[in-house]
Amino acid sequence: MRLALFGGTFDPVHNAHVAVAREAISRCALDRVLLIPNAIPPHKQRRLGASYEHRLRMVELAVEGNDGLHASNLEKDNETSYSILTIERLRSSLPAGTELYFIIGADAFSEIETWFRWQDVLREVEFLVLSRPGFVYDVPEGARVRRLDTLQLSVSSTEIRRRLSAGETPPELPEAVLRYIREHGLYQGQM
Ligand code: ATP
Ligand code: MG
């Protein structure tokens, strides 16, 4: 089995997240991708727009109807979301021989050497790195990396939060996610 982890704040999840996950499945013949919202991401100590529960629920809505994509609550109880701990926890529950991949955007991958126990992360997973307009990255020695360069999507959650708080309707949100945001009054006037 070929399984990929795809972590992020997903605050909120948007169409590029879904598109890159689907791209990874088809380009790398993955069996499944787990979208894993971070509880408290070490690299993002800013105040979050939406709670963990809301972000997880939005990811559940976004993956509906997308074969192979799954929402995961693996980081639910972690005080801080260190990827290596999530990887080790997942590994212990999987059949031996499972190939693990890690989907990541160029912006996040360029900071990989600042991660907690990053050398262990490199040993555990092969990275599928998505290019992101405006970001370049080096590949640390020993890292297994496949560059997925076909998609160039400039959408970000930051821009979506900005638009929502200005009362606009961002076009890059899955319909069910936009509906959820409206129903729960998320991202209103806080940025
Ligand atoms: P924010 O603006 O709040 O940082 P974001 O859009 O970057 O939000 P994250 O939740 O930070 O979304 O990203 C989760 C993962 O998805 C990261 O690895 C990030 O690099 C990747 N990602 C997000 N948007 C894109 C995109 N447009 N193209 C490629 N990768 C992306
Ligand atoms: Mg980001």
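When a ligand or atom number is given, it counts from 1 through the structure's own listing order. Just the heavy atoms: all of them, side chains too, but no hydrogens, waters or symmetry mates, feed the values below. Model, not experiment: these values are computed from the prediction.
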Check your understanding: Does any N/O atom on Ile103 come nearer than 3.5 Å to any N/O atom on ligand 1?
Key -> no
Practice item. If a pair satisfies salt bridge (charged side-chain N to carboxylate O under 4.0 Å, His left out) and one of its residues is in residues 114-133, list it, with sequence neighbours excluded. Key: Glu88-Arg117, Arg91-Glu124, Asp107-Arg132, Arg117-Asp120, Asp120-Arg123, Glu126-Arg146
Revision key, fill the gap. Ligand 1 to Phe10, heavy atom cutoff 4.0 Å, flagged ligand atoms 10 (O)
**Study point:** Atoms of ligand 1, numbered as shown, that sit under 4.0 Å from any heavy atom of Thr158
**Key:** 1 (P), 2 (O), 3 (O)
Exercise for review: Please check if any side-chain donor atom of Thr158 sits under 3.5 Å from a side-chain acceptor atom of Arg161, or the reverse.
Suggested key: yes
Check your understanding: Out of curiosity, is Asp107 lining ligand 1, as in a heavy atom under 4.0 Å away?
Key -> yes
Point to revise | For Arg2 against Ala29, the heavy-atom pair lying closest together | key: NE-O, 3.0 Å
Point to revise | Close approach, Gly7 and ligand 1, non-hydrogen under 4.0 angstrom | key: yes
Review point. So, the side chain of His184 versus the backbone of Leu186: is there a donor-acceptor pair under 3.5 Å, distance only?
Key: no
Exercise for review: Would you mind running through ligand 1 and noting each atom that sits below 4.0 Å from a heavy atom of Gly8?
Suggested key: 10 (O), 14 (C)
Check your understanding: Would you say Phe109 contacts ligand 1, with heavy atoms under 4.0 Å as the rule?
Key -> no
Practice item. Check Phe102, Tyr137, Tyr101 against Phe127 for a ring-ring contact (aromatic ring centres under 6.0 Å, His included) and give me the one that passes. Key: Phe102
Exercise for review: Report, in ascending order of atom number, the atoms of ligand 1 lying under 4.0 Å from any heavy atom of Ser157.
Suggested key: 1 (P), 2 (O), 3 (O), 5 (P), 6 (O), 8 (O), 12 (O)
Practice item. Could you say whether the N/O atoms of Asp11 and ligand 1 ever approach to under 3.5 Å? Key: no
Check your understanding: Polar-atom distance check: Leu153 versus ligand 1, any N or O pair below 3.5 Å?
Key -> yes
Revision key, fill the gap. Looking only at heavy atoms, the pair that brings His17 and Pro12 closest together is CE1-O, 4.0 Å
Revision key, fill the gap. A student checking ligand 1 against Thr9 at a 4.0 Å heavy-atom cut-off should list atoms 9 (P), 10 (O), 11 (O)
Review point. Is the closest heavy-atom distance from Arg161 to ligand 1 below 4.0 Å?
Key: yes
Study note, to complete from the structure: The side chain to side chain contact (heavy atoms under 4.5 Å, CB included) partner of Tyr52 among Asn73, Asp11, Thr9 is Asn73
Practice item. Could you establish whether Glu159 and ligand 1 come within less than 4.0 Å of each other, counting only heavy atoms on the residue side? Key: no
Study note, to complete from the structure: Min over His14, Arg132, Arg162 of heavy-atom distance to atom 22 (N) of ligand 1 lands on Arg132
Point to revise | For Ile104, atoms of ligand 1 separated by under 4.0 Å from a heavy atom | key: 18 (O)
Check your understanding: How does Ser156 reach ligand 1, if at all, at less than 4.0 Å between non-hydrogen atoms: by side chain, backbone, both, or neither?
Key -> both
Check your understanding: Relative to the heavy atoms of Ala16, which atoms of ligand 1 are at a distance of less than 4.0 Å?
Key -> 26 (C), 27 (N)
Review point. For Leu74, does its backbone N or O pair with a side-chain atom of Ser72 as donor and acceptor, under 3.5 Å?
Key: yes
Practice item. Test Thr169 against Arg182 for side-chain contact (heavy atoms from CB on, under 4.5 Å), laying out the working first. Key: CA-CA 10 Å; Thr169 301; Arg182 300 282 195 237; 2.8 Å; yes
Review point. Would you say the side chains of Glu172 and Asn15 form a donor-acceptor pair under 3.5 Å?
Key: no
Check your understanding: Do the side chains of Leu128 and Glu23 get nearer than 4.5 Å, heavy atoms only?
Key -> no
